[in-house]
There are 2 protein chains.
Amino acid sequence: MDEIFEKIGSAQTLSQKIERRIEEAIRQKKLLVGAKLPSERELCEMFAVSRTALREALRRLSARGLIEIKKGSGMYVSELKIKDAIDSLNLYYDLSFDSNLIPQIIEVRRVFEPEIARMAANNRRDKDLDLLLKNISDLEDCDPDNTQMEADIINKFHLNVAKASCNPIVIITMEPIYSLLPRMRNLIYANVDGEKDFTIKAHRTIYEAIRDKDADKAFEAMVGQINRTLEIYTQYLKK
Amino acid sequence: MDEIFEKIGSAQTLSQKIERRIEEAIRQKKLLVGAKLPSERELCEMFAVSRTALREALRRLSARGLIEIKKGSGMYVSELKIKDAIDSLNLYYDLSFDSNLIPQIIEVRRVFEPEIARMAANNRRDKDLDLLLKNISDLEDCDPDNTQMEADIINKFHLNVAKASCNPIVIITMEPIYSLLPRMRNLIYANVDGEKDFTIKAHRTIYEAIRDKDADKAFEAMVGQINRTLEIYTQYLKK
DNA sequence: TTTCGTAACAGATCATACAAGTTGAAGTAA
DNA sequence: TTACTTCAACTTGTATGATCTGTTACGAAA
């Protein structure tokens with residue numbers, strides 16, 4: 001009978017109640033995307049609360065991406081972007097990151113990315129090819145000593161492959177992982193002799209397979225690339 | 001040279017600057033989880049800002065799950081829960097209904113989950129088996145008319161397979177996807193004659209393969225299960 | 001018609017006061 | 001000494017009013 005003493009409905013603060021009210025109005029489409037909310041002063045009167053409490057509720061709503069506040073203009077219901085959700089996941093991954101997780105991150109990539117390359121080959125649009133091609137030419141032009149920029153470009157290439165899958169769930173899943181890669185950069189993309197040439201060639205193969213809609217070749221090429229990453233990491237560990 | 005007229009860096013408000021500062025401190029582990037922040041008044045002095053501006057920054061941080069504010073006690077750095085990120089993702093799909101979501105989820109699962117089953121077969125611990133077995137017996141005991149509970153149990157089984165992979169990245173990758181599954185519950189686990197028996201059998205096969213550390217069999221069994229889901233969804237679409 | 005200034009209005013910030021919850025130490029009774 | 005009570009000194013929450021800064025629309029001037 002512990003339930004009798006269960007926590008009492010954790011006294012919501014006033015500003016939280018206001019937040020809920022407005023959130024509900026948006027969820028129920030009583031406030032449509034783009035609609036302008038009444039001004040702060042008006043809302044204060046309507047809710048019969050102080051501007052302090054009201055503003056804090058509005059701050060929370062804007063932090064969650066539900067409304068946009070434009071100084072001098074007003075407050076507007078904003079279309080919630082998938083980016084807001086991804087940012088939130090990125091933050092979680094960022095705070096959870098630990099260098100012990102590196103081999104596990106590589107394992108996930110080894111397992112998932114070849115399949116993603118296959119999906120990209122099947123679903124890619126022409127504009128995806130442009131982006132991939134640009135990544136490769138950027139990689140070629142990149143100063144060989146600038147391993148940091150090199151790694152960034154490579155990450156962008158892989159993210160663009162995920163985008164070429166045309167499946168937002170894939171993007172949501174992989175983007176947080178890619179956001180962690182810069183933190184393992186110097187561990188993995190170590191300066192190995194002739195490595196850059198190999199990397200460019202490998203990525204070009206992936207690109208061509210996606211371009212030709214050759215799903216199996218894209219799969220295999222990606223397997224090769226990730227295995228190479230794994231090898232370099234293993235070498236690094238031995239040092 | 002369009003860059004010349006690029007949008008000017010939308011002047012951050014003071015409270016946003018404060019938000020960033022504190023967020024960075026948390027990201028860089030200068031403030032550890034559970035640590036108590038200085039009181040509002042102290043922070044005001046430190047940042048040399050008014051309490052209003054400071055509090056609005058703190059409201060945003062708490063809305064994002066980074067800190068917890070206890071009235072009368074103080075403010076504490078809170079361990080960011082994946083639930084916060086998942087809530088954000090679900091809010092997005094609540095507001096922007098997308099009929100493509102279900103096939104996209106199925107596609108991702110079809111590609112990822114067999115590999116996860118393989119990893120689970122290789123890495124599972126005994127306690128993972130207990131959980132999986134319990135899911136199956138729960139499924140057997142479940143009232144056949146309660147399709148909602150059936151679907152929940154099945155989802156738990158799949159999440160437990162992910163956990164059995166012993167790769168935390170796999171788990172946090174899949175959790176957001178599983179959080180979206182309730183949306184397809186009544187669509188997919190429709191009452192098809194004999195479907196429940198098939199489902200139980202299929203999941204038992206997956207379980208046995210993981211138990212026996214037979215990675216290939218686990219892979220194949222999972223492929224079969226997800227394909228079956230796809231079939232049922234396709235049938236549903238035709239109606 | 002175009003340009004430009006300006007007034008009205010929006011949110012942003014500040015300062016102060018008080019309400020309400022939490023904590024811990026001082027004090028009291030057994 | 002020990003256990004309980006009380007209360008003062010914190011904490012955050014809310015209210016109010018003044019002021020600063022950016023946006024918008026309108027009308028006067030070119």
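Order of the sequence lines fixes the chain letters, A, B, ..., with proteins taken first and strands second; residue numbering starts at 1 for each chain. Not measured: the values here are computed from a predicted model.
A/T229 places a side-chain N or O within 3.5 Å of a backbone atom of A/Q225 that can act as its donor or acceptor partner. A donor-acceptor pair under 3.5 Å is absent between the side-chain atoms of A/K81 and the main chain of A/G65, judged by distance alone. Remark: side-chain polar atoms of A/N123 are paired, donor with acceptor, to backbone N or O of A/S165 under 3.5 angstrom. At least one donor-acceptor pair under 3.5 Å links the side chain of A/R124 to the backbone N or O of A/I210. When atom types are taken as modelled, the side chain of A/K30 and the backbone of A/I22 share no donor-acceptor pair closer than 3.5 angstrom.
Rounded to whole Å, atom P of C/dC14 lies 13 Å from atom CZ of B/F47. One interatomic measurement links the two molecules: CD of A/E45 to C1' of D/dA15, which rounds to 15 Å at whole-angstrom precision. Protein atom CD1 of A/I69 is 11 Å distant from nucleotide atom P of C/dT13, rounded to whole Å. Counting to the nearest Å, the C1' atom of C/dC9 and the CG atom of A/L43 are 15 Å from each other. The interatomic distance linking A/L14 (CG) with D/dT12 (C1') rounds to 14 Å, in whole Å.
The pair B/D130-B/K134 does not count as a salt bridge, with every side-chain nitrogen at least 4.0 angstrom from each carboxylate oxygen.
Ring pair B/F157/B/H203 is perpendicular by interplanar angle, where above 60° counts as perpendicular and below 30° as parallel.
Here CD of B/E68 is found 6.0 Å from OG of B/S78. Values are rounded to the nearest 0.5 Å.
When each of D/dG13, C/dA15, C/dG11 is scored by its nearest atom to the side-chain atoms of B/R41, the top-ranked nucleotide is D/dG13. Picking from D/dT16, C/dG11, C/dC18 the nucleotide with the shortest atom distance to the side chain of A/E40 gives C/dG11. Of the candidates C/dG11, D/dG13, C/dA15, C/dG11 carries the atom nearest the A/M75 side chain, counting heavy atoms from C-beta on. Taking only side-chain atoms of B/S39, from C-beta outward, the nucleotide of D/dT12, C/dA10, D/dT14 with the closest atom is D/dT12.
In this model, the phosphate group of D/dA15 is approached by a side-chain N or O of A/S50 to a distance below 4.0 Å at OP1 or OP2.
DNA chain D lies under 4.0 Å from at least one heavy atom of each of the following residues of residues 51-61 of chain A: A/R51, A/T52, A/A53.
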Q: For nucleotides 20-26 of chain C, just jot down a letter per nucleotide in 5' to 3' order: B, S or -, based on protein non-hydrogen atoms under 4.0 Å.
A: SBSS---

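Inspection of the A/S179 and A/D94 side chains reveals no N or O donor paired with an N or O acceptor under 3.5 Å.
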